[in-house]
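The structure appears below as structure tokens.
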Amino acid sequence: MATPKTWTKKLKQRTTQKRKRSKTLETPLMPQGEHTMGEKVNKNLRTCCVTRESLPKADLIRFALGPNGEILPDIAGKAGGRGVWVAANRQILAQAVAKNAFARALKAQVNVPDNLVEITQAHLEKRLLGALGLAMKGGHLVTGYAKVRSAIEKGKIDALIAASDGSMDGRKKMTQLLRALELEDEVPQIDLLNAEQLSLALGGKNVIHAALVGGAATKSALDRYHQLDRFMAENNG
């Protein structure tokens with residue numbers, strides 16, 4: 001006949017087993033590309049489905065699988081459902097499309113737009129323009145040749161913005177001024193947006209020159225610029 005001690009021991013064993021089973025069931029299964037395969041999951045790292053490199057989230061772009069089976073960029077990384085991570089570079093993304101990497105990573109049939117690279121670039125540009133617009137509303141961005149030059153001369157500039165289709169002469173003068181004041185290496189130069197895009201985002205007319213001049217919105221704008229810059233850069237790897 002079982003003693004009270006024996007029953008207590010068995011009860012503890014059963015409770016422990018139930019807890020283990022419950023913990024196992026609650027652990028989410030993540031699709032390929034959502035984490036580093038074969039390694040301990042690092043919350044700040046994800047695996048590129050093309051290069052198989054484990055990289056920080058900031059160096060990757062997440063692509064989400066929509067309800068209709070279409071793959072679309074999830075730049076903010078907040079969309080629900082399954083997703084795949086790709087290094088934030090247009091050439092690598094083009095390889096992902098060509099090699100059917102999304103279907104292989106998700107182990108499912110997916111619909112990948114032929115112009116996914118262009119769609120992704122447009123999303124990245126839109127996010128950057130949105131951040132610049134917020135900086136403008138907060139009084140942390142100035143436009144116009146004279147105001148930008150004044151900001152440079154006073155050393156109150158965090159980033160120089162020049163329309164990609166603007167006059168090379170005007171851009172050259174701004175760069176020369178930065179160099180003369182030994183600010184060229186310290187001040188990022190954002191030149192990936194055209195005059196029409198800048199004008200619409202900043203509420204101006206034919207915006208060619210602009211500058212970020214501090215404030216919390218500046219960091220957000222610079223983060224989004226660097227993401228777009230990485231995407232547009234030539235991949236020599």
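Heavy-atom basis, side chains included; hydrogens, waters and symmetry copies ignored.
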Step-by-step side chain to side chain contact (heavy atoms under 4.5 Å, CB included) determination, Phe102 to Val86
CA-CA 9 Å; Phe102 296 104; Val86 180; 3.9 Å; yes
Contacts of Ala94 meeting side-chain contact (heavy atoms from CB on, under 4.5 Å) (sequence neighbours excluded), chain-then-number -> Val117
Note: Val207 and Leu202 closest approach over all heavy atoms is CG1-CD1, 4.1 Å
By ring-ring contact (aromatic ring centres under 6.0 Å, His included), Tyr225 pairs with (sequence neighbours left out) none
With sequence neighbours left out, the residues meeting salt bridge (Lys or Arg N to Asp or Glu O under 4.0 Å) with Arg224 are none
Nearest heavy-atom contact between Ala87 and Leu60 is N-CD2, 3.6 Å
For Glu184, the side-chain hydrogen bond (donor to acceptor under 3.5 Å, both in side chains) test, sequence neighbours excluded, returns Arg179
Sorted by chain and number, sequence neighbours left out, salt bridge (Lys or Arg N to Asp or Glu O under 4.0 Å) with Glu70 holds for none
query: Tell me, do Leu183 and Leu177 make a side-chain contact under 4.5 Å, heavy atoms counted?
result: no
Asn206 meets the side-chain contact (heavy atoms from CB on, under 4.5 Å) criterion, sequence neighbours left out, with Ala195, Ile208
Rounded to the nearest 0.5 Å, the CG atom of Leu192 sits from the CD1 atom of Ile161 at a distance of 11.0 Å
Applied to residues 192-219, the salt bridge (charged side-chain N to carboxylate O under 4.0 Å, His left out) test, sequence neighbours excluded, yields Lys219-Asp223
Residue set satisfying side-chain hydrogen bond (donor to acceptor under 3.5 Å, both in side chains) with Gln121, at least two apart, ordered chain then number -> Arg90, Glu125
Discussion item. Can you confirm whether Asp74 sits close enough to Ile61 that some side-chain heavy atom of one is under 4.5 Å from a side-chain heavy atom of the other?
Written reply: no
**Message:** Under a 3.5 Å distance rule, please check whether Asn194 uses its side chain to pair with a backbone N or O of Ser164 as donor and acceptor.
**Reply:** no
With sequence neighbours left out, the residues meeting side-chain hydrogen bond (donor to acceptor under 3.5 Å, both in side chains) with Glu186 are none
When every non-hydrogen atom of Val213 is compared with those of Gly139, the smallest separation belongs to CG2-O, 4.3 Å
Rounding to 0.5 Å, atoms CZ (Arg62) and CG (Leu72) come to a distance of 12.0 Å
Arg230 meets the salt bridge (Lys or Arg N to Asp or Glu O under 4.0 Å) criterion, sequence neighbours left out, with Asp59
Smallest heavy-atom separation, Ile71 atom then Pro113 atom, equals O-CD, 3.4 Å
Residues at least two apart in sequence or cross-chain that pass side-chain hydrogen bond (donor to acceptor under 3.5 Å, both in side chains) with Asp191, listed by chain then number, are Arg171
When every non-hydrogen atom of Ala131 is compared with those of Ala221, the smallest separation belongs to CB-CA, 3.7 Å
In terms of heavy-atom contacts, Glu234 and Asn89 come closest through C-ND2, 4.4 Å
Applied to residues 160-169, the salt bridge (charged side-chain N to carboxylate O under 4.0 Å, His left out) test, sequence neighbours excluded, yields Asp169-Lys173
message = Check for me, please, whether Leu160 and Leu193 land in the same ILVMFWY cluster - side-chain distances under 4.5 Å, paths through other members count.
response = no
